[in-house]
**Q** 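Starting off with a structure, shown below.
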Amino acid sequence: MKRTRIACLLKTEKRGINVVAAGWVRTRRDSKGGFSFVEINDGSCFANLQVIAPVTLTNYEDEILRLHPGASVVVEGLLQASEGSGQSVELKARAIGVLGFAPPVEYPLGKQKISFERLRELPHLRARTNSFGAVARVRNVLAHETHRFFHDRGFLYVHTPIITSNDCEGAGEMFQVTALDPHAPPRRGDGAVDYAKDFFGRRASLTVSGQLEGETYACAMGDIYTFGPTFRAENSNTRRHLSEFWMIEPEMAFADLDDDAELAEAFLRHLFAAVLTQCGADLRFFDQRILPGVLARLERLANAPFGRVTYTEAVKLLEGSGKAFEFAPFWGMDMQSEHERYLAEEVFKGPVVVTDYPEAIKAFYMRRNDDGKTVAAMDVLLPEVGEIIGGSQREERLDVLEVAMSKGGLNPDNYSFYLDLRRYGSVPHAGFGLGFERMVQFCTGMHNIRDVIPYPRAPGLCY
RNA sequence: UCCGGCGUAGCGCAGUGGUAGCGCAGUUGGCUGUUAACCAAUUGGUCGCAGGUUCGAAUCCUGCCGCCGGAGCCA
């Protein structure tokens, strides 16, 4: 069986050719004119293919009339200009083979409305809906274009480990990985679990970030990036958080914060432009059914340069705004969602890069600025979503880094590999992290991040 | 974790103290080069769970469970 994807069939100019298509039935309409309309979708594009199933088919009475949404079919027939007005081509069937029926009483995805909440209970079937098919295609393009962007710039793709023995890093609570019997783990004399007897001979967890390992490769290979799953055991229950999500983390040697911000802006604009050119039909669906205006927003962002402001200037803007924030802004505060959104939506009316945050509210590895108060950190803020990228120039001076670690209560023994990078041939370097699902969310306008990843994991959610 | 909202038929929802309703899906019939087809009839519910108030509770109260939204944490 040599089938042609529906995306190709709908694109071709040829008519009157014999083709085979295969897919899943979306809807069937019977006509008394001697045939039924059967719309099938195969995931290759947003649109369905209209199949004309004449009553003369040998299995018309006993099979075609039993086709309901979800049934799988292989159709052989003639690709012809459509007599109807809703589509330019259709497939006039000479034979329709039914691979599998989908009884409408049991199959949950009929023609009736269904909520995203309900679909989350059906992750194995939801890709068959318009929304999730479109999300899957946009997500695929974003992933592919991420690799293309970095490869075109000479960045090396590095696979950082998923299981790690890094003793936290401050990024969040970690999922423990163990092969010990949870009911009877080996114990030391003091009663504590003896992880020396665990699989790795020490306590291990799922990674919360590939950054530290990524830095080690940047400090040998130059420009690198990672793109892989990360895990947070935080009990955060919002539409913007997942327990398992994919993160993109570039790291550049011989680079400072300005280089970092330039890379972030170029990367985001590349992705915006890519989905606009490659996902037209899907984006039009999102624009019509999910979030009106999402298309225009992407077009605007793909062309507009990002705003740039220091944290100190940003706080002055907030203080002088006259706006009644729930949390009054002051220098030294960690910016609240309302502050970030005000900057992006009302002051800059577009993406903005905020740099040079107070040392006290940022991570230990960020480079101390000469003012003694701030670090070379940056956040990229988008309208409506807030922070999408967090990054920094890294502290490359051994003595300064050691002081920062002890201030943060971190045990240097757990970071000897990281400190070695500063002991031997240290170089200035910088990088950032981007939550991939938030990017998918932003491009599709999908409200809940659980609906932009195939199998979402969140507190209490692991189908 | 905190605050707020919701939980009624397979699905989406209405119903604020007096015998449970609508749309879709299903079934039956009709009609049509149809477009999430349309028209008519019809099947289907321990109103999340457990207590309580009341002559009477989907409706009011308490607890629990689940989900959603916002916040925090962050990406």
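Fair warning: this is a prediction, and the values are worked out from it, not measured in the lab. For the numbers below, each heavy atom of this structure counts, side chains included, while hydrogens, waters and symmetry mates do not. The sequence lines fix the lettering, A, B, ..., with proteins before strands; numbering per chain opens at 1.
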**Q** Now, which nucleotide makes the Watson-Crick or G-U wobble pair with B:rC2, with each of the two distances under 3.5 Å?
**A**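 Here B:rC2 is engaged in a pair, and the nucleotide opposite it is B:rG70.
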**Q** Under a 3.5 Å cut-off for both distances, is B:rC38 Watson-Crick or wobble paired, and to whom?
**A**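 Pair assignment: B:rC38 / B:rG30.
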**Q** Rounded to the Å, how far apart are A:Ile114 CD1 and B:rC11 C1'?
**A**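 Distance check: A:Ile114 CD1 to B:rC11 C1' gives 6 Å.
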**Q** Expressed as a whole number of Å, how far does the C1' atom of B:rA20 sit from that of B:rA14?
**A**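 Taking atom C1' in both B:rA20 and B:rA14, they lie 11 Å apart.
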**Q** Round to a whole Å and report the spacing from CE of A:Met247 to P of B:rC74.
**A**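 Taking atom P of B:rC74 as the reference, CE of A:Met247 is at 13 Å.
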**Q** Who pairs with A:Asp42 by side chain to side chain contact (heavy atoms under 4.5 Å, CB included), at least two apart in sequence or on another chain?
**A**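 Side chain to side chain contact (heavy atoms under 4.5 Å, CB included) check on A:Asp42 returns A:Arg3, A:Arg5, A:Ile6, A:Ser44.
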**Q** Mind checking A:Ser115 for me? I need base, sugar-phosphate or nothing, with any heavy atom below 4.0 Å counting as a touch.
**A**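 The residue A:Ser115 makes sugar-phosphate contact but no base contact.
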**Q** When the P atoms of B:rC64 and B:rG4 are compared, how many Å lie between them, rounded to an integer?
**A**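 Between the two P atoms, the distance is 14 Å.
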**Q** Pick the P atom in B:rC61 and in B:rA25, then give their distance to the nearest Å.
**A**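 Between the two P atoms, the distance is 37 Å.
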**Q** Quote, to the nearest angstrom, the C1' distance that separates B:rC6 from B:rC13.
**A**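 Going atom to atom, C1' in each nucleotide, I get 12 Å.
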**Q** Any ring pair (Phe, Tyr, Trp, His ring centres under 6.0 Å) pairs touching residues 9-35 of chain A, not counting sequence neighbours?
**A**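 Output for this query lists A:Phe35-A:Phe37.
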**Q** Does A:Arg26 make a side-chain N or O approach to OP1 or OP2 of B:rA36 shorter than 4.0 Å?
**A**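 For B:rA36, OP1/OP2 do not have a side-chain N/O of A:Arg26 under 4.0 Å.
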**Q** Please set out all donor-acceptor pairs under 3.5 angstrom arising from side-chain atoms of residues 54-62 of chain A, sequence neighbours excluded.
**A**
| unit_1 | atom_1 | unit_2 | atom_2 | d |
| --- | --- | --- | --- | --- |
| A:Asn59 | ND2 | A:Glu63 | OE1 | 2.9 |
| A:Asn59 | ND2 | A:Ile96 | O | 2.8 |
| A:Tyr60 | OH | A:Ser36 | OG | 2.6 |

**Q** Rounded off to whole Å, could you give me the CD-to-P distance for the A:Glu234 and B:rC2 pair?
**A**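 A:Glu234 atom CD is separated from B:rC2 atom P by 15 Å.
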**Q** Would you mind building the protein contact string for nucleotides 24-34 of chain B? One character per nucleotide, 5' to 3', B for base within reach (heavy atoms under 4.0 Å), S for sugar-phosphate only, - for untouched.
**A** BSS----BBBB
**Q** Heavy-atom nearest nucleotide on RNA chain B for A:Gln336 versus A:Gly433: which residue maps closer to 5'?
**A**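 The answer here is A:Gln336.
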**Q** A:Tyr463 OH to B:rG66 P: how many Å, rounded?
**A**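 To the nearest whole Å, that distance equals 12 Å.
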**Q** Tell me whether A:Glu338 is salt-bridged to A:Lys323, with the criterion being a basic N under 4.0 Å from an acidic carboxylate O.
**A**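 The answer is no: the pair does not qualify as a salt bridge.
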**Q** Would you please say whether a donor-acceptor pair under 3.5 Å links the side chains of A:Arg232 and A:Thr230?
**A**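 No - no donor-acceptor pair under 3.5 Å links their side chains.
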**Q** Could you tell me how far B:rU53 sits from B:rG15 if I compare only their C1' atoms? Round to whole Å.
**A**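 Pairwise C1' distance, B:rG15 against B:rU53, rounds to 22 Å.
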**Q** Base, sugar-phosphate or nothing for A:Asn237? Non-hydrogen atoms, less than 4.0 Å.
**A**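 If one applies the 4.0 Å heavy-atom cut-off, A:Asn237 turns out to touch a base.
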**Q** What integer distance in Å separates A:Glu326:CD from B:rC3:P?
**A**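 Answer to the nearest Å: 14 Å.
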**Q** If we call it a pair only when both distances are under 3.5 Å in a Watson-Crick or G-U wobble match, what pairs with B:rG7?
**A**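 The base-pairing partner of B:rG7, which may sit in any strand shown, is B:rC65.
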**Q** Say you pick atom C1' in B:rU27 and the same atom in B:rG44; how far apart are they, in whole Å?
**A**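 The same atom, C1', in both gives a distance of 11 Å.
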**Q** May I have the distance from A:Asp334 (atom CG) to B:rC73 (atom C1'), rounded to whole angstrom?
**A**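 The distance from CG of A:Asp334 to C1' of B:rC73 comes to 10 Å, rounded to the nearest Å.
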**Q** Ignoring hydrogens and angles, write down the donor-acceptor pairs under 3.5 Å from the side chains of residues 98-113 of chain A, residues two or more places apart or on other chains.
**A**
| unit_1 | atom_1 | unit_2 | atom_2 | d |
| --- | --- | --- | --- | --- |
| A:Tyr107 | OH | A:Arg128 | NH1 | 3.3 |

**Q** Is a salt bridge present between A:Asp256 and A:Arg367, judged by a nitrogen-to-oxygen distance below 4.0 Å?
**A**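 No, A:Asp256 and A:Arg367 are not salt-bridged.
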**Q** Rounded to the Å, how far apart are A:Arg240 CZ and B:rC74 P?
**A**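 Taking atom P of B:rC74 as the reference, CZ of A:Arg240 is at 12 Å.
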**Q** Please tabulate, one pair per line, all N/O donor-acceptor pairs under 3.5 Å involving side-chain atoms of residues 212-219 of chain A, not counting sequence neighbours.
**A**
| unit_1 | atom_1 | unit_2 | atom_2 | d |
| --- | --- | --- | --- | --- |
| A:Glu215 | OE1 | A:Tyr418 | OH | 2.9 |
| A:Glu215 | OE1 | A:Arg422 | NH2 | 3.0 |
| A:Glu215 | OE1 | A:His429 | NE2 | 2.7 |
| A:Glu215 | OE2 | A:Gln211 | NE2 | 2.8 |
| A:Glu215 | OE2 | A:Tyr418 | OH | 2.7 |
| A:Thr216 | OG1 | A:Glu213 | O | 2.5 |

**Q** Roughly how many Å is it from NE2 in A:His241 to P in B:rC68, rounded to a whole number?
**A**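 Taking atom P of B:rC68 as the reference, NE2 of A:His241 is at 15 Å.
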**Q** Between B:rU19 and B:rG56, how far is it from one C1' atom to the other, in whole Å?
**A**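 That atom pair is separated by 11 Å.
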**Q** Side chains of A:Thr310 and A:Asp356: do they bring a donor and an acceptor to under 3.5 Å?
**A**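 A:Asp356 and A:Thr310 do not have a side-chain donor-acceptor pair below 3.5 Å.
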**Q** Verify the contact: side-chain N or O of A:Ser236 to OP1 or OP2 of B:rG72, cut-off strictly under 4.0 Å; return yes or no.
**A**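 For B:rG72, neither OP1 nor OP2 has a side-chain N or O of A:Ser236 closer than 4.0 Å.
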**Q** Only pairs with both distances under 3.5 Å count, Watson-Crick or wobble alike; so what is the partner of B:rC60 in this structure?
**A**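 In the structure as shown, B:rC60 has B:rG52 as its Watson-Crick or wobble partner.
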**Q** Please give the distance between the P atoms of B:rU46 and B:rC31 as a whole number of Å.
**A**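 Their P atoms lie roughly 37 Å apart.
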**Q** Would you mind telling me which of B:rC73, B:rC68, B:rG12 lies closest to the side-chain atoms of A:Arg118?
**A**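 So the side chain of A:Arg118 is nearest to B:rG12.
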**Q** Could you check A:Pro459 against A:Thr27 and say which one's nearest nucleotide on RNA chain B is further toward the 5' end?
**A**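 Between the two, 5'-proximity favours A:Thr27.
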**Q** With sugar-phosphate meaning primed atoms plus P, OP1 and OP2, does A:Arg289 contact a base, only sugar-phosphate, or nothing at under 4.0 Å between heavy atoms?
**A**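 Contact class for A:Arg289: base.
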